[in-house]
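In this text the structure is predicted, and so the values were computed from the model without any measurement. Computed over heavy atoms, backbone and side chain alike; hydrogens, waters and symmetry mates excluded.
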Amino acid sequence: MKLRLITAIAFCAMAVMSCNEETLEIGSTLTSDNDKLNVSTGIFNATSRSILADSVYARNFDCYFGNVRDPETGAYIKSEFMAQFNMLESPKLPARDQIVTYEDGDIAVDSCEIWLFFNKSKCYGDSLTPVKLDVLELKEPMSDQNIYYSNFDPRSAGLIRTDGLKQSLAFSLSNLTYKDSIRNLANFTDNARIVLNQKYIDKNGKSYPDYGTYILRNYYEHPEYFKNSYSFIHSLCPGFYFQVNDGLGVMANLNEIDIRIFYSYYNDEDSIVSAYMAMASTPEVLQTTRVINDKEALQSLVNDKSCTYLKTPAGIFTEVTLPVDEIKATHATDSLLSVGVTFQRLNSELRNSPYVFSAPEYLLMIPRDSLYTFFEHRQTINSKNSFYTILDSTNEYEFSNIDNMISYMSNAKKVGLANDPNWVATHPDWNKVVLVPVTITTAVNTTTSAAGVASVANQMSMTSTRLKGGPNGSNIELKVIYAKFNE
């Protein structure tokens, strides 16, 4: 009964405290004289600093490609990616003798293309600016058992086939090669197409008219390669690396990447039918992003002690030292009802620029020592030692109640010291959290119809903001509400 009562009072207390510092009567108005609850409040200060992200977990389906100049630092940010391709298990194609096109005395495809579909709402820069990319074939798959970060380069790791497929393409986000009648269709999506119709030689030295014919002939000669995506990737198509060759001022967000193999066949009425086999880069297979940042330029922002920064991709995070001991010691025998903290965003000095980076929408708060494992283990929000918030209309990131984080850290210290008197010295980050810009994916529970967080990933788009705080900046206040029943 008391636990339920405390929970109910907690919600009321948080609402009252947000508009009135006087909370002394909360307990007396919500409980009986025999079960009276004493409520008290406190305000404590946290400290913060900027830290270099260096690199972030790179297995991320939110894919960006391009090269831009950061208007805040004048430095360049480049994003490239590797993609493997998924396919339906045991796909069904017509019988071999139904294929229409032949070349060099054997069946062949009509065309093979890689399609890149752009999400224009998440792209950055002038949509007419040309970008040139190179598509490079991997000589072997990147292992899905390894952990890849955004500083991993498949080229320097020796994963690119030196004698493999290589194709270049110059494109813009607004592909004006399409007629207006096509571009105005309701289902039209801006895209770039990389044609793979040049002669192809596989890793065993066997020659094919083109890459699509290589896939098609193997479909009939080795059906076991098409049993599932794993067999396909490890037998025929280990994936491609997409590198920036030229161009500046555009960062494209890709919401779909396909290999499309076009072929013709005779149907049962002996008519010629055109069709294609599609393979897509999906979350079920490996996709990684490589980010090239100017670390010297980022360090100059980290050195600014008047505030802290958040900058993505793989740029700067904000580290916060929480006053855990002070909060717990002040009311050692009381229960924590609520601990709230708000981070005030400072407007960019370049806010009138048409190309200023937007502020991160979502922020994740996790313990400093979980900065890497949280993403590697694909954890989600548990409201115990991980919380998230969204930038609100008042230009603030508010974490309304992180009392579980305070209790989690306090208990970890207590257990640690019980086993090792030097625990604090060996765990210097025990009371530190990190604010990380993230992408949040939600899903609806089919039973309750309630929406919840399905996945959390590092933000890979270009965002930037300053927060009040820093070693020489404003204080960061934690507002705490305690409660204690009368004995």
Side-chain angles (χ1 to χ4, degrees), residues 55-61 63-67 76-87 112-116 131-171 192-215 218 225 229-247 251-252 254 257-261 279-282 284-293 313-314 460:
S55 60
V56 296
Y57 183 65
R59 185 166 184 169
N60 194 324
F61 193 64
C63 181
Y64 287 83
F65 179 88
N67 188 22
Y76 297 97
I77 305 170
K78 183 185 292 187
S79 186
E80 303 175 334
F81 68 96
M82 185 285 307
Q84 294 175 347
F85 292 88
N86 194 11
M87 61 181 303
C112 178
E113 302 171 358
I114 296 178
W115 288 33
L116 307 177
V131 179
K132 186 176 181 181
L133 65 78
D134 289 336
V135 181
L136 309 175
E137 181 187 9
L138 271 63
K139 70 177 182 180
E140 61 186 59
M142 290 172 60
S143 173
D144 58 2
Q145 301 301 311
N146 293 343
I147 296 173
Y148 297 102
Y149 276 76
S150 58
N151 57 0
F152 179 80
D153 183 3
R155 293 166 299 189
S156 60
L159 291 177
I160 304 298
R161 268 192 70 186
T162 56
D163 58 347
L165 182 149
K166 178 180 179 180
Q167 184 69 348
S168 299
L169 174 73
F171 69 92
R193 300 183 183 183
I194 305 147
V195 179
L196 307 179
N197 289 344
Q198 71 272 33
K199 181 179 178 180
Y200 177 73
I201 300 176
D202 70 12
K203 61 184 179 181
N204 299 316
K206 187 174 180 179
S207 179
Y208 297 85
D210 53 68
Y211 190 78
T213 299
Y214 158 71
I215 299 294
N218 272 280
Y225 294 170
S229 294
Y230 182 89
S231 299
F232 179 74
I233 290 169
H234 287 78
S235 302
L236 283 182
C237 180
F240 296 94
Y241 186 70
F242 296 77
Q243 73 172 12
V244 177
N245 182 297
D246 198 6
M251 189 66 72
L254 306 176
I257 308 164
D258 294 350
I259 295 179
R260 299 193 176 189
I261 299 173
M279 293 152 286
S281 183
T282 67
E284 289 76 26
V285 293
L286 186 62
Q287 182 172 301
T288 64
T289 299
R290 180 171 184 244
V291 178
I292 301 96
N293 265 324
M460 302 305 287

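Between the side chain of Thr213 and the backbone N or O of Pro209 there is no donor-acceptor pair closer than 3.5 Å. Looking only at distances, no side-chain donor or acceptor of Lys203 sits under 3.5 Å from a matching main-chain atom of Glu140. Using a distance-only test at 3.5 Å, with no hydrogens or angles considered, a donor-acceptor pair links the side chain of Asn293 to the main chain of Ala314. Here the side chain of Tyr225 pairs no donor or acceptor atom with the backbone of Ile215 at under 3.5 angstrom. Side-chain N or O atoms of Ser156 include one that pairs as donor or acceptor with a backbone N or O of Asp153 at under 3.5 Å. Side-chain atoms of Ser150 do not come within 3.5 Å of backbone N or O of Ser55 as any donor-acceptor pair. For Ser79 (side chain) and Tyr64 (main-chain N/O), a donor-acceptor pair under 3.5 Å exists by modelled atom type.
Side chain to side chain, Asn197 and Asp210 fail the donor-acceptor criterion of an N or O pair below 3.5 Å. Counting only N and O atoms by type, the side chains of Thr289 and Asn60 include no donor and acceptor under 3.5 Å apart. Of the N and O atoms on the side chains of Gln84 and Gln287, not one donor lies less than 3.5 Å from an acceptor on the other residue. Between the side chains of Glu284 and Thr282, a donor-acceptor pair is found at a separation under 3.5 Å.
In this structure, Asn218 CG and Phe232 CZ are separated by 9.5 Å, a value rounded to the nearest 0.5 Å. The CG atom of Leu165 sits 6.5 Å away from the OH atom of Tyr200 when rounded to the nearest 0.5 Å. Phe65 contributes atom CZ, which lies 9.0 Å from atom NZ of Lys78 (distance to the nearest 0.5 angstrom). Taken from CD in Glu137 to CG in Leu159, the straight-line distance is 12.5 Å, to the nearest 0.5 Å. From Phe240, atom CZ reaches atom OG of Ser281 across 11.5 Å, with rounding to the nearest 0.5 Å. A distance of 5.5 Å separates CD1 in Ile194 from CZ in Phe242, rounded to the nearest 0.5 Å.
Contact annotation: the side chain of Val56 approaches that of Met460 to within less than 4.5 Å [non-hydrogen atoms, C-beta and beyond]. Between Asp134 and Tyr241, every side-chain heavy-atom pair lies at or beyond the 4.5 Å cut-off. Under the 4.5 Å side-chain criterion, counting only non-hydrogen atoms from C-beta, Arg290 is not in contact with Phe81. Counting heavy atoms from C-beta on, the side chains of Val131 and Asp246 never come closer than 4.5 Å. Between Phe85 and Ile233, the closest side-chain pair of non-hydrogen atoms is not below 4.5 Å. For the pair Thr288 and Tyr149, the minimum side-chain heavy-atom distance is 4.5 Å or more. Ser168 places none of its side-chain heavy atoms less than 4.5 Å from the side chain of Leu133. Leu196 has its side chain within reach of Ile114: a pair of non-hydrogen atoms, C-beta onward, lies under 4.5 Å apart.
Between Gly158 and Lys139, the shortest heavy-atom contact is O-CE, 2.7 Å. When all heavy atoms of Ile259 and Cys112 are compared, the closest pair comes out as CG2-SG, 4.1 Å. Closest non-hydrogen pair, Ser143 versus Leu286, comes out as O-CD2, 4.0 Å. Nearest heavy atoms, Ala192 versus Leu169: CB-CD2, 3.9 Å.
Between Glu80 and Arg155, at least one side-chain N (NZ, or NE/NH1/NH2) sits under 4.0 Å from a carboxylate O, which counts as a salt bridge. Here Glu113 does not pair with Arg260 in a salt bridge; the nearest charged N to carboxylate O distance is not below 4.0 Å.
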Full working for side-chain contact (heavy atoms from CB on, under 4.5 Å) between Ile292 and Ile77: CA-CA 6 Å; Ile292 301 96; Ile77 305 170; over 6 Å; no

Trace of the side-chain contact (heavy atoms from CB on, under 4.5 Å) decision for Arg59 with Tyr148: CA-CA 7 Å; Arg59 185 166 184 169; Tyr148 297 102; over 6 Å; no

Full working for side-chain contact (heavy atoms from CB on, under 4.5 Å) between Lys206 and Ile201: CA-CA 5 Å; Lys206 187 174 180 179; Ile201 300 176; over 6 Å; no

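Taking the six-membered ring where tryptophan is involved, the planes of Tyr214 and Tyr211 are tilted, since the angle between them lies from 30° to 60°.
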